[in-house]
Amino acid sequence: GSALVAGVFRLGQLAALGIGSALVLWSGLDVVFNVSTSPPTWLGHVALLPLDANLLAIAGAAAVGIMIAIGLLRAGGISLEPALHRAQLVRALRFAATIQDLRAVITLRRQLSHEISRRRPWIRLRPAPPTGRGMWRRDWHGILRWPGSRVSRVLILTAVAGASCSAALMGTTPLFAVAGIAAYLVSLDAVEGFAQEMDHPDRGAGLPTATGDLALGHLYAPATLIAILGVIGAGAGAIVNRFGSPAPGTHAVSPIVGAIVVVSLAVAGPAAAALGAYLGRPDRNMATGLVHPGLLMAQQVAPLVIVVLAFLPLLVARETGPPSDPVGNAITAATPALVIAFGIITFLRSQRSDDS
């Protein structure tokens with residue numbers, strides 16, 4: 001319903017983002033003050049009907065019905081050429097999803113959402129010598145030209161990951177998976193430089209650098225970015241922690257354990273996302289799918305599992321109480337994700353130009 005209304009009234013990106021942010025903020029205030037005043041909050045009561053029969057659920061469903069009705073009644077005003085272009089992109093997106101071409105899915109989704117790099121970076125880097133830090137500077141140039149929509153999405157996913165970790169520490173353990181999914185999506189955006197290198201393997205063939213070293217050089221900037229975002233996510237988790245209390249049998253987690261998780265994510269996140277981008281090319285997918293169909297699904301899920309493992313120190317520290325050492329146990333729990341990540345890095349570094 002929201003998409004129909006935004007389309008028929010031809011809302012711009014800023015207007016749509018502003019309205020959506022206002023609704024999210026309105027719902028957040030409802031949570032803080034324990035009231036139900038926003039339409040999204042009314043709609044949330046629909047999911048809680050088996051537990052709490054609230055008439056506001058009817059209001060939420062009615063709001064959705066009104067949105068859909070307005071969109072359908074005004075659908076005749078939609079311009080056909082942009083609609084046909086989007087339909088072609090959606091058709092290509094479905095085909096890419098069918099063959100599990102991860103890079104094509106990401107690229108087509110960005111075209112559908114009109115994510116175009118900024119002409120001017122958010123922060124302009126100082127000139128540097130032409131050699132020595134080319135990949136580092138190239139990746140940061142790309143990150144600093146992210147459009148506002150991508151920056152907002154990354155920050156929101158970071159906050160979701162931090163809030164999910166905080167809620168999981170209070171006793172809702174499955175939310176660690178939500179945190180892992182959010183962190184993996186952020187990592188996919190962060191390794192864009194590496195993914196572009198894999199999209200054009202012939203471009204690096206003429207450089208006086210081995211293909212593996214070239215690929216590895218594109219992981220330093222994403223690791224730094226993930227570390228910075230990890231601190232932001234920890235702040236979001238601390239805010240959520242103020243409104244809740246730990247579940248019985250759990251223990252408070254020290255900031256040192258949080259720092260261990262940030263380091264683990266800074267290594268495992270870019271490595272897992274790089275592996276997904278490397279294995280997600282259609283030539284590898286189709287060859288794997290023909291020989292081992294089950295392996296095709298495994299190679300798509302494996303990077304996500306690796307990122308989820310990076311949050312394992314929080315789970316271990318939550319369950320560790322005196323006289324055990326929670327920090328030592330957290331370091332031990334971070335070992336699997338770090339070992340797998342370094343294994344991925346070693347694998348990517350060993351690839352030659354004819355393998356890419």
Side-chain angles (χ1 to χ4, degrees), residues 11-21 24 89 102-162 182-204 206-207 209 213-236 262-263 265-267 269-274 276-278 307 348:
L11 294 181
Q13 291 186 13
L14 292 178
L17 180 61
I19 295 173
S21 301
V24 171
L89 291 176
L102 179 63
R103 279 297 299 163
V105 170
I106 294 175
T107 303
L108 290 170
R109 183 193 57 78
R110 289 173 180 170
Q111 292 183 24
L112 282 168
S113 59
H114 300 286
E115 285 192 11
I116 302 175
S117 298
R118 293 169 54 90
R119 292 185 178 180
R120 295 183 179 180
W122 296 99
I123 301 174
R124 189 174 296 276
L125 299 178
R126 294 181 179 180
T131 59
R133 295 180 297 172
M135 289 171 286
W136 168 266
R137 288 181 58 84
R138 172 187 164 191
D139 290 336
W140 278 112
H141 274 297
I143 293 171
L144 293 175
R145 291 180 183 273
W146 281 0
S149 58
R150 192 180 306 177
V151 173
S152 301
R153 181 179 67 251
V154 167
L155 292 178
I156 291 173
L157 288 172
T158 300
V160 167
Y184 181 56
L185 293 176
V186 171
S187 300
L188 286 175
D189 279 323
V191 298
E192 179 64 21
F194 172 89
Q196 290 184 10
E197 202 70 58
M198 295 298 102
D199 290 343
H200 308 279
D202 55 333
R203 184 169 54 188
L207 298 178
T209 304
D213 294 334
L214 189 66
L216 182 62
H218 282 292
L219 298 182
Y220 296 127
T224 305
L225 177 64
I226 296 297
I228 296 173
L229 292 174
V231 176
I232 298 175
V262 171
V263 174
L265 273 176
V267 178
Y278 179 82
V307 178
L348 294 175

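Note: hydrogens, waters and symmetry copies are ignored here, and every other heavy atom, side chains too, is used.
Applying the salt bridge (charged side-chain N to carboxylate O under 4.0 Å, His left out) test to every pair with at least one member in residues 139-152, sequence neighbours left out, gives these pairs: Glu115-Arg150.
Between Leu265 and Val262, the closest side-chain pair of non-hydrogen atoms is not below 4.5 Å. Taking 4.5 Å as the limit, some side-chain heavy atom of Trp136 sits within range of a side-chain heavy atom of Thr224. Residues Val186 and Ile226 are in side-chain contact: their nearest non-hydrogen atoms beyond the backbone lie under 4.5 Å apart.
Across all non-hydrogen atoms, the minimal contact from Pro147 to Ser117 is CD-CA, 4.4 Å. Residues Val267 and Pro270 approach most closely at O-CD, 3.8 Å, considering heavy atoms. Listed here is the closest heavy atom pair of Ala195 and Ala277: CB-CB, 4.2 Å.
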May I have the step-by-step check of side-chain contact (heavy atoms from CB on, under 4.5 Å) for Trp140 and Leu225, ending in yes or no? CA-CA 9 Å; Trp140 278 112; Leu225 177 64; 4.3 Å; yes
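Partner of Arg153 under the side chain to side chain contact (heavy atoms under 4.5 Å, CB included) criterion, chosen from Val151, Leu155, Leu157: Leu157.
Put simply, OG1 on Thr158 and CD1 on Ile232 are 6.5 Å apart, with the number rounded to the nearest 0.5 Å. From Gln196, atom CD reaches atom OG1 of Thr107 across 8.5 Å, with rounding to the nearest 0.5 Å. Within the model, atoms CG of Leu125 and CG of Leu144 stand 5.5 Å from one another, a figure rounded to the nearest 0.5 Å. Within the model, atoms CD1 of Ile106 and CG of Leu188 stand 4.5 Å from one another, a figure rounded to the nearest 0.5 Å. Taking CH2 of Trp146 as the start and CG of Asp189 as the end, the distance is 5.0 Å to the nearest 0.5 Å.
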